[in-house]
Amino acid sequence: MATETAVVIPAAELTRNRTLLVGSALAAAASVMVFVGLFGIYIAIRQNNEVLSETPGLTGELWFPELAVQIAPGTMMMFTAVMSGFTMAWAVQAIRNDDRRNAYLALGVTLLLGAAMINQAVFAITDFGIPVDRSTASLLLYTLYGAFIVFLTVAMAFVLLMGIRAVAGQFNSRNADGIEAAAIYWYAVVVVYPVLWYLISITK
Amino acid sequence: MTATETHADTSADIDDDVKAAGDGLYELVASNDHKAIGRLWIGLSVFFFIDFAILGAVVAMERVSLDGFSIFGGATGYQQTWTLVRTSGMFLVALPMMIGIATAIVPLQLGSPSIAFPRLAAASFWAWLVGAGLHVASFAADGGLGPTAFTRTDSTLLTLTSLGLMVVALLAASICIATTIIALRPAGMTLLRVPPFTWSMLVATSVWILSLPVLLANLIYAWADLQGRDPIFFGNPDRIWGDIEWAFQQPQIYSVAIPILGIAAEITPVAAKVRAAGRTAVLIMIGLFGALSFGAWAQHAFSRGADPQFVDGNFIYEEPLYIIFGIAILLPILGIIGGLADTVRRGEDLPKMSAALAGSIAALLMLLAAATIGGLRVLPFTHILFEENSDGIHEMLSSAGAQYLLVIGAVVVSSIAALVWWAPKLFGGYATESLASMAILAIFGGSFAVGMADFITSFIGQRDLSISSDVEDGVEALNLLAMLGMGAIAMGGLVALVALINAIRSDEILPDDPFDGHTLEWASPSPPPIGNFVEPIDPIRSESPLLDELEEVS
């Protein structure tokens with residue numbers, strides 16, 4: 001005779017709307033588009049300057065004077081940005097695994113690297129051998145770095161806020177939305193930097 | 001609920017966290033109920049619309065006599081007011097009006113108890129209001145954006161700052177709306193099943209989120225260039241307006257008109273009492289229209305422009321992509337008009353011509369007229385014609401005329417149609433039909449008169465930004481027509497305001513679904529309570545859940 005056994009069906013998991021992830025992705029897209037605009041205008045004006053220089057009867061300005069932009073500070077900042085991307089991913093993975101200690105550590109290191117990037121950006125700005133009011137090129141240079149510092153500060157504030165909420169016990173393996181949302185915004189800001197680095201430090 | 005809420009939104013959460021808009025001023029100001037926030041956006045944009053029309057009438061009045069500046073006393077005051085009219089038409093009237101309607105209606109259409117990030121939605125309204133106030137104040141303090149429009153650098157900085165603040169606030173509001181559409185749909189409501197207005201807002205907010213930040217980039221450069229010294233490049237008086245003008249010209253200006261298509265596609269099938277024909281095709285056309293209205297690339301910075309120092313590449317009017325966009329935008333408009341005509345044809349009787357239906361159709365036709373003129377503007381053949389009458393600077397047809405047709409004739413008329421249509425949900429009463437019809441007629445006729453007068457005068461030599469007696473005969477008469485048109489627009493705004501106030505003051509008990517609507521907003525009480533719905537929403541099985549019920553009953 002067959003034995004009847006009660007089959008216990010686990011309760012359906014409450015679906016989450018993931019509003020924070022979607023909202024953060026949209027905010028990140030908007031922030032990236034600000035830099036798309038800033039970079040696009042920079043490239044267009046620089047290109048025009050090169051054409052001017054080659055056009056008889058017209059003169060383009062010297063874009064950056066020799067040695068005005070050193071490669072080292074920007075490159076150090078580039079490495080810091082890449083490292084912060086990895087530490088942010090570390091935080092996301094840690095919170096997904098309910099490894100809170102590592103999550104807090106990773107968020108702290110990410111914030112530290114963010115502060116280091118601001119420090120490096122300020123150093124780079126003070127190290128530029130070109131005054132802001134010298135030319136269009138110098139204006140573009142300082143504006144790009146200034147805008148990046150502002151957006152990086154916003155990203156740090158977002159990570160800090162989510163970090164505080166994580167410390168208060170909000171996020172775990174079933175709901176890591178807050179940390180993931182902060183990570184999305186962080187990656188967006190960090191992804192912007194290599195373009196800035198290439199435009200300013202490499203191509204000069 | 002906070003802007004960083006992470007758990008599921010349930011009705012209980014909403015009841016706890018969303019504060020209602022009560023009768024008192026404090027309750028209204030402190031509310032983060034999406035309907036109250038929407039009403040605030042709508043109310044203030046109607047207020048600014050009436051101001052805009054009066055200012056526009058004064059600008060047009062100055063042009064009735066071209067012998068000199070009799071009202072503003074000089075080119076500076078004239079250009080300041082002219083640029084204020086241009087910026088306010090977009091950032092104080094059209095965009096906030098559409099965002100207000102969407103903030104109030106989109107969650108209802110989705111069966112959602114609230115908008116995503118309600119506190120951010122409220123904060124975006126207040127930030128926009130501060131920005132709008134500072135914007136007007138900056139012009140009053142001798143600021144502005146035109147070639148001779150500013151004499152005080154600090155005031156111009158305030159103009160740029162306020163514009164930037166409004167852009168950020170509008171972006172935040174757009175993010176709230178788009179997130180609601182993407183993340184707060186009920187079970188069964190796929191993206192292709194969302195109502196047409198909600199779909200159009202998803203397309204519109206996507207375009208705004210991708211394009212307005214580029215405007216912010218323009219503003220950042222100009223702002224940085226004006227910090228405590230003489231401008232080098234971007235902050236030059238004759239550059240600032242040119243650098244940001246793309247946001248007020250085609251193709252970007254069409255982006256503010258995207259919701260018009262959704263409103264017309266929303267109202268027409270209900271008025272015709274029939275299921276929408278070719279609905280998916282209409283949604284695709286709205287998406288195509290949105291893609292063709294992305295205009296951040298079409299700016300002077302990326303082309304040769306009017307600056308003689310810019311020698312690289314073509315003028316923007318010569319760019320093949322610009323020409324293709326300018327002509328191709330007609331296709332989705334014609335496609336949607338065809339789809340809606342087919343819907344009406346399938347109905348048993350011709351629909352009753354209510355103010356809402358008339359307004360939505362009028363707006364669609366005005367959009368078609370504006371896009372047709374926009375197409376003429378970019379065609380190489382007409383381009384040559386206009387070049388002969390300009391100073392060779394390739395500023396042919398009036399961009400202000402295009403803005404009047406699109407922003408006022410299409411967007412504002414469509415907004416009034418939407419406000420009348422959704423008045424039971426927005427205000428808890430019916431808008432006065434006769435007054436709304438009069439308002440739509442006045443604004444439609446007025447904007448047509450202003451827009452066409454501006455186009456014709458620009459064709460015969462009058463430039464947007466200046467007053468010169470060196471133009472052909474007949475310009476002054478057309479400028480008089482433009483002034484009368486602006487007067488009609490202002491009157492229409494006042495009449496529309498009265499019609500809507502009547503809806504607010506009405507104490508009539510309304511049914512949930514007075515028009516036999518097809519979509520979920522009509523399943524909520526009129527006006528909807530906090531949390532919007534008194535019963536849980538069943539899983540959605542089609543794009544017209546209420547029409548399904550109606551057909552099952554009959």
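The chains referred to below are lettered A, B, ... by the order of the sequence lines, with proteins before strands, and numbering in each begins at 1. Fair warning: this is a prediction, and the values are worked out from it, not measured in the lab.
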So which of B/I182, B/L210, B/N218 has the biggest tally of heavy-atom pairs under 4.5 Å with chain A?
B/L210
Quick one: pull up CG in A/L26 and CG in B/L171 and give me the separation to the nearest 0.5 Å.
10.5 Å
Does any part of the side chain of A/V34, heavy atoms only, come nearer than 4.5 Å to the side chain of B/I220, both counted from C-beta?
yes
Heavy-atom distances under 4.5 Å only: say whether B/I175 touches chain A with side chain, backbone, both or neither.
both
A/L140 and B/F234, any side-chain heavy atoms less than 4.5 Å apart:
yes
The interface call for B/A296 against chain A, heavy-atom contacts under 4.5 Å, is neither
Do you know which of B/V214, B/I209, B/T205 has the most heavy-atom pairs with chain A at a distance under 4.5 angstrom?
B/I209
Do you know the tightest heavy-atom contact between B/A183 and A/T19?
CB-CG2, 3.9 Å
Between A/A30 and B/P213 the two heavy atoms that sit nearest each other are O-CB, 3.2 Å
Nearest-0.5 Å distance, CG of residue A/D133 to CD of residue B/Q227:
12.5 Å
Looking only at heavy atoms, what is the nearest atom pair of A/T143 and B/A224, with distance?
OG1-CB, 3.4 Å
If I compare all heavy atoms of A/G23 with all of B/T179, which pair ends up nearest, and what's the gap?
CA-OG1, 3.4 Å
Can you tell me which portion of B/Q299 sits under 4.5 Å from chain A's heavy atoms? Options are side chain, backbone, both or neither.
side chain
Compare every heavy atom of A/G37 with every heavy atom of B/A217, then report the nearest pair and how far apart it is.
CB-C, 3.8 Å
If you take all heavy atoms of B/Y221 and A/L38, which pair is closest and at what distance?
OH-O, 2.8 Å
Atom CH2 of residue position B/W297 - does it have more than 12 heavy atoms of other residues, nucleotides or ligands inside 6.0 Å?
yes
Select, from A/I41, A/V22, A/I43, the one with the greatest count of heavy-atom pairs under 4.5 Å involving chain B.
A/I41
Bottom line for A/V32: the part with an atom under 4.5 Å from chain B's heavy atoms is neither
B/L216 versus A/M33: any side-chain heavy-atom pair under 4.5 Å?
no
